[in-house]
Amino acid sequence: MIQPHTILYRIDLAPIGKGRPRFTRATGRARTPESTRQWEAQAAAQLREQHTGQALDARAPMWCVSVDAYYPRPKSRPDYVPLELWKMRHHDLHARSRFDLDNVAKIVLDSLQQGCVLEDDRCVVVLHAEAWFAGEDGPRVEVALTEVRT
């Protein structure tokens, strides 16, 4: 049996959630918030640098995407994190953040499309996301794409 192929990417930006579109009364059109557009553009540029070749969905029709969002550590320890773990600065800890994890996954998927890694995110059939407080490596988003075979 052939093992599925996994490709790893790293986005060196603090994760944010995809902002809700804003509607303009005068025109009735939706507008993406500027912070979302800037993050997507920067992430897409980093992904484009790391990716070589054609869009992955041209090579395989289905993909599993794993998104690990590493947030900056807050100044004070959250109640749910044990003190012993908090003192270990090199240790990554699961995090609750002000951004919904589903919105973080949305902005990452859109960046994968913008960066020409995926032609269309409809090819994603499995999505896994986790939120962490970053250890020594700092804030970032790590993305793993694994080919799904039936």
Side-chain angles (χ1 to χ4, degrees), residues 1-22 31-53 55-57 59-150:
M1 182 175 174
I2 299 171
Q3 292 296 328
H5 186 67
T6 298
I7 304 165
L8 303 174
Y9 297 96
R10 179 181 167 128
I11 302 169
D12 287 318
L13 298 169
I16 67 168
K18 183 152 180 105
R20 293 180 186 219
R22 306 286 183 225
R31 189 174 51 80
T32 303
E34 185 62 30
S35 60
T36 296
R37 283 191 300 196
Q38 287 177 353
W39 197 95
E40 283 178 346
Q42 290 175 355
Q46 290 183 27
L47 290 165
R48 219 175 281 114
E49 283 179 16
Q50 297 172 50
H51 180 72
T52 55
L56 295 177
D57 43 341
R59 203 182 78 201
M62 296 185 292
W63 291 90
C64 167
V65 176
S66 177
V67 177
D68 289 328
Y70 292 87
Y71 295 93
R73 279 186 177 223
K75 294 188 186 330
S76 59
R77 177 181 63 90
D79 294 338
Y80 63 89
V81 176
L83 183 59
E84 309 82 50
L85 286 178
W86 188 253
K87 288 179 180 178
M88 297 166 36
R89 300 305 285 172
H90 65 279
H91 191 68
D92 294 329
L93 302 167
H94 273 104
R96 286 189 283 187
S97 78
R98 64 187 188 104
F99 297 110
D100 290 346
L101 201 50
D102 62 323
N103 289 329
V104 174
K106 284 179 200 172
I107 200 168
V108 169
L109 289 173
D110 288 347
S111 298
L112 286 167
Q113 260 186 259
Q114 236 181 63
C116 300
V117 174
L118 296 174
E119 191 175 308
D120 193 337
D121 57 10
R122 287 184 301 173
C123 68
V124 175
V125 295
V126 178
L127 180 62
H128 177 81
E130 290 189 53
W132 300 88
F133 286 131
E136 293 174 339
D137 282 348
R140 66 197 180 281
V141 178
E142 294 177 354
V143 183
L145 283 87
T146 305
E147 191 176 334
V148 175
R149 296 188 177 161
T150 54

Determine whether a donor-acceptor pair (N or O, by modelled atom type, separation under 3.5 Å) exists between the side chain of [X] and the backbone of [Y].
X: Glu130; Y: His94; answer: no
X: Arg140; Y: Gly138; answer: yes
X: Glu142; Y: Ala69; answer: no
X: Trp39; Y: Ala14; answer: yes
X: Thr36; Y: Thr32; answer: no
X: Arg73; Y: Ala134; answer: yes

Nearest 0.5 angstrom please: [X] [atom1] to [Y] [atom2], how far?
X: Gln50; Y: Ile7; atom1: CD; atom2: CD1; value: 11.5 Å
X: Ile107; Y: Ser35; atom1: CD1; atom2: OG; value: 7.5 Å
X: Leu118; Y: Trp63; atom1: CG; atom2: CH2; value: 8.0 Å
X: Glu40; Y: Leu47; atom1: CD; atom2: CG; value: 11.0 Å
X: Cys116; Y: Arg48; atom1: SG; atom2: CZ; value: 5.5 Å
X: Leu112; Y: Asp120; atom1: CG; atom2: CG; value: 12.0 Å

Minimum heavy-atom separation for [X] and [Y], please, with both atom names.
X: Pro21; Y: Pro33; result: CA-CD, 4.4 Å
X: Gln46; Y: Asp12; result: OE1-N, 2.7 Å
X: Leu145; Y: Val117; result: CD2-CG1, 4.5 Å
X: Leu13; Y: Ala43; result: CD1-N, 3.8 Å
X: Pro15; Y: Val141; result: CB-CG2, 3.7 Å
X: Leu101; Y: Ala129; result: CD2-O, 3.5 Å

Practice task
State, with a plain yes or no, whether a side-chain heavy atom of Val104 is found less than 4.5 Å away from one of Ile16.
Solution key: no

Handout entry: Side-chain heavy atoms of Val65 within contact of Leu109, under 4.5 Å
Key = yes

Exercise for the section: Apply the test side chain to side chain contact (heavy atoms under 4.5 Å, CB included) to residues Tyr70 and Asp137: give CA-CA distance (whole Å), side-chain angles for both, the deciding distance (0.1 Å), then the verdict. Expected result: CA-CA 9 Å; Tyr70 292 87; Asp137 282 348; over 6 Å; no

Problem - Aromatic plane relationship, Trp86 with Phe133 - under 30° parallel, 30 to 60° tilted, over 60° perpendicular - result: perpendicular

Exercise for the section: Evaluate whether atom CZ of Arg122 has more than 12 neighbouring non-hydrogen atoms of other residues, nucleotides or ligands under 6.0 angstrom away. Expected result: no

Exercise for the section: State whether the number of non-hydrogen atoms from other residues, nucleotides or ligands found under 6.0 Å of Arg37 atom CZ is greater than 12. Expected result: yes

Exercise for the section: Using the salt bridge (charged side-chain N to carboxylate O under 4.0 Å, His left out) rule, collect all pairs that involve residues 107-117, keeping only residues at least two apart or in two chains. Expected result: Lys18-Asp110

Practice task
Can you sort out the partners of His128 under ring-ring contact (aromatic ring centres under 6.0 Å, His included), two or more places apart, ordered by chain and number?
Solution key: none

